[in-house]
Amino acid sequence: MAKWGQGDPRWIVEEREDGTNVNNWHWTERDATSWSKGKLRESLVGIVVENEAGRCQISDLKQVEGEASCSSRKGKLIFFYEWNIKLTWKGIIKESGAKHKGLIEIPNLSEENEVEDTEVNVSKKKGDGDVLKDLMKTAGTAKVREALGEYLKALKTEFTMGMILPTKATATQELTIKRKLSENTLQIQAPLGVRIPTVVLRMTELFDAGVERLYSIFTVKELVQQFSKSPAILEAEKGGKFQMFDGNVTGEYIELLTNEKIVMKWRCRSWPEEHYATVVLNFVPTPGQTELQLDCKGVPVCKEENMKFCWQKQHFEEIKGLLQLTTLNG
């Protein structure tokens with residue numbers, strides 16, 4: 001039996017208030033599947049490539065099957081990911097104006113292969129437009145691999161924040177560094193908390209109304225109160241505050257382009273304190289209707305489904321009901 005103070009340092013319980021996973025020796029695992037799906041969508045959808053012949057854009061993440069996780073053991077991080085991804089792309093030939101669509105397939109993105117060796121297959125629907133397919137197979141494939149690399153970088157940095165707990169030795173080193181910096185009059189503000197994993201939410205909805213009418217529903221207090229069926233506070237100007245759904249949704253207007261675009265800082269009451277997402281609403285006129293494009297960045301991973309429900313049920317469907325009611329009464 002080892003004498004007091006001479007035991008294996010791997011099993012020595014350090015002076016931590018939480019007493020959790022001391023020295024990072026024990027196995028811990030975090031599921032990164034949901035976070036990864038959002039991050040892959042954020043990284044891949046919207047990629048644009050262009051040359052003198054045409055312009056192509058990845059328009060949607062059609063399928064993402066697989067899983068990802070991160071484990072911590074003996075102070076080291078171990079990553080597992082395996083994805084089968086399908087993307088849709090669309091393009092236009094500049095000279096003729098002809099439009100074409102196609103598919104991008106990534107059958108095996110995994111830790112077994114380097115990103116630059118990951119298989120990326122590009123196909124196009126029947127017909128002309130091979131010039132666009134060639135553009136996607138060259139410049140498009142390169143950008144896709146670059147985006148996959150960004151996802152893996154975020155997986156290994158952003159997602160893993162807080163998984164490796166500081167030991168007594170590293171805490172002492174950090175304190176020494178802070179003291180030295182303080183002596184040199186360099187001030188560093190400590191972070192308020194660990195960065196939480198987030199996803200991007202994108203939704204599109206068609207409304208039977210002109211852009212002016214739909215835009216006003218998001219910027220006129222009385223109309224907001226009608227579709228939300230609750231009191232609201234609304235200052236529809238840059239820097240103005242808003243509060244809806246009995247205070248469950250709050251935020252600030254960052255930018256307003258009349259009948260075109262609204263950008264907001266947006267949060268739910270149940271989210272971590274002081275955490276905001278950025279919500280962008282684009283109003284796109286179509287014949288007899290308006291397409292509303294929602295782009296929401298910074299949604300906490302654990303609140304993704306709640307956010308979808310909030311916008312689909314409490315915004316889109318209620319607004320459609322209000323538009324129908326006003327049409328009948330009109």
Hey, could you give me the NZ/CD distance between K86 and Q63, rounded to the nearest 0.5 Å? 4.5 Å

Are more than 12 heavy atoms from other residues, nucleotides or ligands located less than 6.0 Å from atom CD of E95? no

Stepwise side chain to side chain donor-acceptor pair (under 3.5 Å) test for E212 and N259: CA-CA 5 Å; E212 298 87 353; N259 301 331; 4.5 Å; no

I'd like to know if K39 and E42 make a salt bridge, using a cut-off of under 4.0 Å between side-chain N and carboxylate O. yes

L132 and G54 have their tightest heavy-atom pair at CD2-CA, 3.9 Å

State whether K241 and E235 are salt-bridged, where the test is any N-O pair (Lys NZ or Arg NE/NH1/NH2 against Asp/Glu carboxylate O) under 4.0 Å. no

With rounding to the nearest 0.5 angstrom, report the CZ to CG distance, R41 to D60. 5.5 Å

From E252 atom CD to F242 atom CZ, the distance as rounded to the nearest 0.5 Å: 8.5 Å

Using the side-chain contact (heavy atoms from CB on, under 4.5 Å) rule, take T204 and L294 through it: C-alpha gap first, then chi angles, then the decisive distance, then the call. CA-CA 6 Å; T204 302; L294 166 71; over 6 Å; no

Are I262 and L323 grouped together when hydrophobic residues (ILVMFWY) are joined by side-chain heavy atoms under 4.5 angstrom apart? yes

Side-chain heavy atoms under 4.5 angstrom apart, residues restricted to Ile, Leu, Val, Met, Phe, Trp, Tyr: same cluster for F245 and F316? yes

Check the hydrophobic clustering (I, L, V, M, F, W, Y; side-chain heavy atoms under 4.5 Å; chains of links allowed) and say if M264 and L214 are grouped together. yes

Enclosure of N113 CG (heavy-atom neighbours >12, cutoff 6.0 Å): yes

Closest non-hydrogen atoms of I47 and A147, given as atom of the first, atom of the second and distance, are CD1-CB, 3.8 Å

Going by heavy atoms in the side chains, are V249 and R267 under 4.5 Å from each other? no

In the single-linkage hydrophobic clustering (I, L, V, M, F, W, Y; side-chain heavy atoms under 4.5 Å), do V200 and L87 co-cluster? no

Is a side-chain N or O of H100 found less than 3.5 angstrom from the main chain of K90, in a donor-acceptor match? no

From CA spacing to verdict: side-chain contact (heavy atoms from CB on, under 4.5 Å), F79, E111: CA-CA 8 Å; F79 297 92; E111 75 280 357; 5.8 Å; no

All salt bridge (Lys or Arg N to Asp or Glu O under 4.0 Å) counterparts of E318, not counting sequence neighbours: K229

dist K137:NZ -> C56:SG (nearest 0.5 Å) comes out at 13.0 Å

F218 versus L292: any side-chain heavy-atom pair under 4.5 Å? yes

Would you compute the distance between atom CD of E150 and atom NZ of K143 and round it to the nearest 0.5 angstrom? 12.0 Å

Is there a donor-acceptor pair under 3.5 Å between the side chain of Q225 and the backbone N or O of A232? yes

CG/L135 to CG/D130 distance, rounded to the nearest 0.5 angstrom? 12.5 Å

Going by heavy atoms in the side chains, are L103 and E105 under 4.5 Å from each other? yes

For the residue pair M136 and V49, what are the closest heavy atoms and their distance? SD-CG2, 3.6 Å

Under a 4.5 Å cut-off applied to non-hydrogen side-chain atoms, are H275 and E273 in contact? no

Quick check: do K320 and E205 have side-chain heavy atoms less than 4.5 Å from each other? yes

Going hydrophobic residue to hydrophobic residue with side-chain gaps under 4.5 angstrom, can you get from L77 over to V115? yes

Shortest non-hydrogen separation from V224 to I217 and the atoms involved: CG2-O, 3.2 Å

Which label fits W266 and H315: parallel for a plane angle under 30°, tilted from 30 to 60°, or perpendicular past 60°? tilted

Heavy-atom side-chain contact between D134 and V122 under 4.5 Å: no

Verify, without hydrogens or angle tests, whether T290 (side chain) and V211 (backbone) share a donor-acceptor contact under 3.5 angstrom. yes

For residues 298-313, please give each side-chain donor-acceptor pair under 3.5 Å, one per line with the distance, not counting sequence neighbours.
residue	atom	partner	partner atom	Å
K313	NZ	E317	OE2	3.2

Donor-acceptor check, side chain of T118 to backbone of E114, threshold 3.5 angstrom: yes or no? yes

Can you check whether Q293 reaches E291 side chain to side chain, under 4.5 Å on heavy atoms? yes

For K94, I'd like to know if atom NZ has over 12 heavy atoms of other residues, nucleotides or ligands within 6.0 Å. yes

What verdict does the side-chain contact (heavy atoms from CB on, under 4.5 Å) test give for I106 and L148, after you've listed the backbone C-alpha separation in whole Å, the side-chain angles of each residue and the deciding distance to 0.1 Å? CA-CA 10 Å; I106 306 166; L148 294 176; 4.1 Å; yes

F80 side chain near C70 side chain, heavy-atom distance below 4.5 Å: no

Test side-chain contact (heavy atoms from CB on, under 4.5 Å) on I254 and K265 and set out the steps. CA-CA 7 Å; I254 299 173; K265 283 176 58 179; 3.4 Å; yes

Kindly list each side-chain donor-acceptor pair under 3.5 angstrom involving residues 276-283, sequence neighbours excluded, with atom names and distances?
none

Run the side chain to side chain donor-acceptor pair (under 3.5 Å) test on S36 and Y151 for me, step by step, so that the C-alpha distance in whole Å, both residues' side-chain angles and the decisive distance to 0.1 Å come before the verdict. CA-CA 8 Å; S36 291; Y151 153 68; 2.9 Å; yes

Correct closest heavy-atom pair for L223 and L322 would be O-CD2, 3.9 Å

Might you point out which heavy atoms bring A68 and W83 nearest each other, and give the distance in Å? CB-CZ2, 3.7 Å

